[in-house]
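Order of appearance sets the numbers: ligands from 1, and atoms from 1 within every ligand.
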Amino acid sequence: MKIKKASQSRLNTIDFSTLPFGTVFSDHMLICNYKDGKWGNVEILPYGPIEMNPGTQVLHYGQSVFEGMKAFKNTKNEMLIFRKYENFKRLNKSAVRLSIPEIPEDIFIKGLDELLALDSDWCKFEDGYSLYIRPFIFASAECVKASSSAEYKFIIITCPTKKYYGDSIDIVIEESFTRAAKGGVGFAKAAGNYAASFYPTKQANANGFHQVIWTDSIEHKYIEEAGTMNIWFRIGDKLITPELNDSILEGITRDSIIRLAEDSGINVEQRRVSVSEILNAYQSGELKEVFGTGTAVTVIPISSVTYRKDKMTIEALEDSLSIQLKQKLQAIQKGEVKDIYGWTHKAASTASII
Ligand code: COI
């Protein structure tokens, strides 16, 4: 691995008290190119522009996949990366669907460790801080033929972050637009899934909502996701989240919350959830909590769900399961409790710097 260090860190120019999500980038980035049928050498370079010609394939056909993952500092100032093998596997699952060559494990895992060890100071220990990690792969050949590219770039960049949203969000059930369809790419973290969500989300924002709840593409009867997150409902004392299918992203936070909830004795159901079930549960007083899970947000309470003209307001509870589960997850992420699941890994440097 070739590492070229930034001549001067930008760290002391950053105001960590105001960190709009995803706009401040750490000193270094990792780049690896795919050409002639194989992935080449990994380089870590100072964060900066990459050269692209207007004919670069990703700009025309959107052949691109990404991941979102996080690292945290423990009390010993060590960087703990959360579930990196899961993100690695999911990136390759997305890559296969988008006809992108898979990244070898040692490039992803060793490269990530090295990059994070180098930019470790960008991750703060204080409450609420983490380092958001964005690995992505895109079609980089200069060619406008509508086919998979012959060349790709795998890049990892990182951003110091605080909160993605405030304390809770308001959402509206979307019945016209669709995020993903059966047989499509909804399960993959494909860049185009996000691009297609922006127009409906902008309309929801204009009507005072933070996000939309995506429903199934055929009948708009079944709930799939909330914005860029997986969605959860507490009905009575049960937690219910839509079961995975090819239009739902297999959230790693979703999976972690399922494990933590079940191990806390909470009954979790992964199954189809209809809009009418939620309306009925609200009317009977059994809908106690609604929340979203995702890497960027971790766990976020949803304070209202609007369906057509009706707003269902969900009061914050003293004994909120979502807050309890969030605290359990964060304690593991920050190394405050023993990680019995093997989810956290210290970022360790092995390479030599040139
Ligand atoms: C994540 O939670 O990592 C996401 O994918 C959300 C992102 C689009 C900011």
Problem - Verify same cluster id: V65, V185 (apolar side-chain graph, 4.5 Å) - result: yes
Problem - Salt bridge flag under 4.0 Å for residues E243 and R271 - result: no
Exercise for the section: Check side-chain contact (heavy atoms from CB on, under 4.5 Å) between C32 and all other residues, then give those that pass, not counting sequence neighbours. Expected result: W39, V42, I107, F154
Practice task
Show your reasoning for whether side-chain hydrogen bond (donor to acceptor under 3.5 Å, both in side chains) applies to S26 and T158.
Solution key: CA-CA 6 Å; S26 318; T158 68; 2.6 Å; yes
Fill in the blank from the handout: Using heavy atoms and a strict 4.0 Å limit, residues surrounding ligand 1 turn out to be F21, G68, Y132, R134, Y164, K189, Y194, T228, G294, T295, A296
Practice task
With sequence neighbours excluded, give me every salt bridge (charged side-chain N to carboxylate O under 4.0 Å, His left out) pair touching residues 14-25.
Solution key: none
Exercise for the section: Could you list the residues that satisfy salt bridge (Lys or Arg N to Asp or Glu O under 4.0 Å) with D339, not counting sequence neighbours? Expected result: none
